[in-house]
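Side chains included, hydrogens not; waters and symmetry mates left out as well; all remaining heavy atoms used.
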Amino acid sequence: MDIMGAKMHQNKSSHQYKLSIGYYLATQAIKEKYEDTAEKVRQRQNLKEFFLSTKKFNRKMYFRLQKLEINKIMAETVLSSLNKEKLTFIEYKYKNNFSMAKISFKMNISIAQLSIWNKEILEEVRDFIFYQLRARDVFSYKKIINMITIMNITIIMLKENDIVDENWLNGFSYLRDNYFRLLSTINDYLANRRDSIHNMVICCKIDNPDLDICQLAAKCYVSPSIVSRHLKKFVKEVNEYVIS
């Protein structure tokens, strides 16, 4: 294997590892959300107060406790956006620990479909854990707002106790500010949706993020090719604000 091939293999392996870690962290966040109790919350708070009061402040342990709280908020944010059917599935799987076969029987939904739901939901939680908005998310108005809210909470929690490197925090704040710019751009479109066909198509997609190109074309009374062209133009316009 040449050097270029070795680097490509290394990058692919690194990406796959990060994906695996992401799915694991997302799974744990959902499980911990359902396993959490008032007693566990009290114990975590006591530990945080202890770490803050000691002369040898354990930054790593304190940050880990803070991150547990943040991950719980992230999981709750994603679950609160699910429809009733998908939320029932998640509760069966992560709260009641039912097997996929049992859930399939109770809900009369194929295991294949349940697996697709599970993957999609874990990916949503993973994106929040890694604070990632990508090109596919630029029409997801609620997700963008939720991401900014969670990043604001994270920044406040970290600044209060001065437990992270200032350069890292500046980079994190810059990423949050880019998401603000994305939100501001979307709000400008929504405020001027009738100004042009382009604005109308973009706003229709923002209002209906799950519709495909043909469905959007039917709602906007234009051809699918026109919808596709305008969507691509918008994604290119805001691409600098998201993670490529």
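- Take Arg193 and apply the salt bridge (charged side-chain N to carboxylate O under 4.0 Å, His left out) test, not counting sequence neighbours, and it matches Asp207.
- Contacts classified as side chain to side chain donor-acceptor pair (under 3.5 Å) and involving residues 88-107 (residues at least two apart or in different chains) are given here: Tyr94-Asn118.
- Residues passing the side chain to side chain donor-acceptor pair (under 3.5 Å) test with Ser225, sequence neighbours excluded: Ser223.
- Remark: Glu35 pairs with no residue by the salt bridge (charged side-chain N to carboxylate O under 4.0 Å, His left out) rule, at least two apart or across chains.
- Within the structure, salt bridge (Lys or Arg N to Asp or Glu O under 4.0 Å) pairs that include any residue of residues 212-237 do not occur (at least two apart or interchain).
- For Thr185, the side chain to side chain donor-acceptor pair (under 3.5 Å) criterion is met by no residue, not counting sequence neighbours.
- Lys72 is linked by a side chain to side chain donor-acceptor pair (under 3.5 Å) to Asp36, counting only residues two or more places apart in sequence or in another chain.
- With sequence neighbours excluded, the residues satisfying salt bridge (charged side-chain N to carboxylate O under 4.0 Å, His left out) with Asp137 are Lys143.
- For Glu123, the salt bridge (charged side-chain N to carboxylate O under 4.0 Å, His left out) criterion is met by Lys119, not counting sequence neighbours.
- For Phe139, the ring-ring contact (aromatic ring centres under 6.0 Å, His included) partners two or more places apart in sequence, or in a different chain, are Phe234.
- Partners of Glu69 under the side chain to side chain donor-acceptor pair (under 3.5 Å) rule, at least two apart in sequence or in another chain, are Arg44.
- Sequence neighbours left out, the pairs with a member in residues 194-222 that pass ring-ring contact (aromatic ring centres under 6.0 Å, His included) are Tyr189-His198, His198-His230.
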